[in-house]
Amino acid sequence: MRKIKILAATLAMLCCSADLYAQQNTGIPGRIDRMSMEDRINSGLVFHTHQSEPVEPFRIIGNVYYVGALNLASYLIATPEGHILIDTGVHDMPVQIRDSVDKLGFRVEDIEIILSSHAHFDHIQGHAIMKRMTGAQVMASDADADALEAGQDLSPLAFEGWEPVVVDRRLQDGESIALGGVTLTPTVAPGHTPGCTVWSLDVEDMGQTYTVGYFGCNGPNAGVQLINNPRFPSLVEDSLAGFDNMAQLDLDIYITGHPEQPFEGIEHSMRVQVRPHPLLNQQPWAEFIAERRADFVGRVEAERQLLQSQ
């Protein structure tokens, strides 16, 4: 049986949280730190409006389903013993997610585990509501669990917060979880957040085995001070280690946690289950992560040159 590996990815440099207003300031130390929280929240309104507009759910592949919004992903992994939900979006989205789960013929009450790609508001702000709605256990990387429980963005972005949620299990890099014959393995890649996590699992689909994952780690957001960051002195080193950890994964396809742009032109084919899978034509994972790492190294060098010129 042929094994094809699929990764669900968040293209953070293009579409994560603060980049909509910070991308013109890449390489300027402290740019985001100089903004007031009011300005940051106003800049993030798009995530509570356009990005979180409802869409019809659909099966991605095998037992993995899209139950998120227009440009904020949430994935349901269905098993005979209950389900796993990865990311809950902004606080406006849990009711949408419940309705999407129902439309697919599942019950939201059967969600047993809630996971996160990383502790930024646009991915985990609905966690507390969803936990009350389902009674599920929240599990997260140890480094991001502190942020989930504090209700504060403890990443270099330091952006909008959320309702605190108890983390029932703190996970280390490579510490797998299992439910209903499904095993998910976390690959921790710090930088975007301290515990940013790639989740991967094997999926059976039309007689073939695929490794499906969810990626939300792409280095610190644009506009974040990289060199000598007072809150994260080892940010550059940690981020490079995160890229190196992700480079160990052997992945052939990736989709995105902010899917509006990457799904453009192929969403219908995915919804009607065209095979070979439409995402098989994407850039190979090794090239993708190498480019993202090179982009980050370029940001560091640009910031270093700017500091030297001052």
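If you're wondering where the values come from, they're calculated on a predicted model, not measured in any experiment.
Heavy atoms of other residues, nucleotides or ligands lying less than 6.0 angstrom from NE2 of H50 number more than 12. A 6.0 Å sphere centred on CG of N228 holds no more than 12 heavy atoms belonging to other residues, nucleotides or ligands.
Checked by atom type, the side-chain pair H123/D87 shows a donor-acceptor distance below 3.5 Å. For the residue pair R59 and Q273, a side-chain donor N or O sits within less than 3.5 Å of a side-chain acceptor on the partner. Side-chain N/O atoms of D92 and S52 include no donor and acceptor closer than 3.5 Å. A donor-acceptor contact closer than 3.5 angstrom links the side chains of S155 and H120.
Taking every heavy atom of both residues into account, L85 and T88 meet most closely at CD2-CG2, 3.9 Å. In terms of heavy atoms, G180 sits closest to P80 at O-CD, 3.4 Å. Counting all heavy atoms, side chain and backbone alike, P156 lies closest to H192 at CD-O, 3.9 Å. For the pair H258 and Q51, the tightest heavy-atom approach, listed with the atom from each and the gap, is ND1-OE1, 4.0 Å. What you find for L201 and T183 is that their closest heavy atoms are CB-O, 3.3 Å. Looking at every heavy atom in both residues, G161 comes nearest to Q125 through O-NE2, 2.7 Å.
Geometric assessment of R292 against the ring of F296 yields a negative cation-pi assignment under the 6.0 Å and 45° thresholds.
Hydrophobic clustering (ILVMFWY, side-chain heavy atoms < 4.5 Å, transitive): Y75 and V182 are in one cluster. Residues V90 and V95 are members of separate hydrophobic clusters, defined by side-chain heavy-atom contacts under 4.5 angstrom among Ile, Leu, Val, Met, Phe, Trp and Tyr. In this structure, I111 is a member of the same hydrophobic cluster as V167, with clusters built from ILVMFWY side-chain heavy atoms closer than 4.5 Å. If you chain together hydrophobic residues whose side chains sit under 4.5 Å apart, L148 and M93 fall into the same group. Residues I124 and L154 do not share a hydrophobic cluster, clusters being chains of Ile/Leu/Val/Met/Phe/Trp/Tyr side chains in contact below 4.5 Å.
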Given side chain to side chain contact (heavy atoms under 4.5 Å, CB included), test L240 with R293 step by step and report yes or no.
-> CA-CA 7 Å; L240 290 173; R293 189 184 194 280; 3.7 Å; yes
Side chain to side chain contact (heavy atoms under 4.5 Å, CB included) between E56 and K103, worked out | CA-CA 8 Å; E56 290 296 311; K103 287 179 179 179; 2.9 Å; yes
Could you check E291 against Q283 for side chain to side chain contact (heavy atoms under 4.5 Å, CB included), going step by step and ending with a plain yes or no?
-> CA-CA 11 Å; E291 284 189 5; Q283 181 184 19; 3.0 Å; yes
Apply the test side chain to side chain contact (heavy atoms under 4.5 Å, CB included) to residues V224 and L235: give CA-CA distance (whole Å), side-chain angles for both, the deciding distance (0.1 Å), then the verdict.
-> CA-CA 10 Å; V224 166; L235 182 59; 4.0 Å; yes
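Residues P186 and W199 are in side-chain contact: their nearest non-hydrogen atoms beyond the backbone lie under 4.5 Å apart. Counting heavy atoms from C-beta on, the side chains of E260 and V55 never come closer than 4.5 Å. Between Q308 and R304 there is a side-chain heavy-atom pair separated by less than 4.5 Å. In this structure, V300 and I227 have side chains that are in contact, with non-hydrogen atoms separated by less than 4.5 Å. Considering only heavy atoms from C-beta on, H277 stays 4.5 Å or farther from I266 through its side chain. A 4.5 Å side-chain heavy-atom check between P230 and Q225 finds at least one atom pair inside the cut-off. Side-chain contact check for M270 versus I61: every heavy-atom pair is 4.5 Å or farther apart. Between E149 and V166 there is a side-chain heavy-atom pair separated by less than 4.5 Å.
Atoms CD and CD, from E301 and Q305 in turn, are 4.5 Å apart once rounded to the nearest 0.5 Å. Atom OG1 of T185 sits about 10.5 Å away from atom CD of E175, to the nearest 0.5 Å. In this structure, CE on M133 lies 5.5 Å from CZ on R98, to the nearest 0.5 angstrom. If you take OG1 on T79 and CD1 on I84, they are separated by 6.5 Å, rounding to the nearest 0.5 Å. In this structure, CD on E81 lies 9.0 Å from CD on E112, to the nearest 0.5 angstrom. For the atom pair I177 CD1 and L184 CG, the distance stands at 5.0 Å (nearest 0.5 Å).
Between V188 and the choices D144, D142, D173, the side chain to side chain contact (heavy atoms under 4.5 Å, CB included) rule is met once, by D173.
With Q96 contributing its side chain and A69 its backbone, the two residues share no donor-acceptor pair below 3.5 Å. Here the side chain of R275 pairs no donor or acceptor atom with the backbone of M206 at under 3.5 angstrom. In this structure, D153 contributes its side chain and E160 its backbone to no donor-acceptor pair below 3.5 Å. Looking at S141, its side chain does come within 3.5 Å of a backbone N or O of G195 through a donor-acceptor pair.
Two rings, from Y65 and F58, have their centers 6.0 Å or more apart.
Taking the ring-ring contact (aromatic ring centres under 6.0 Å, His included) definition, one finds that H48 meets it with H91, F121, sequence neighbours left out.
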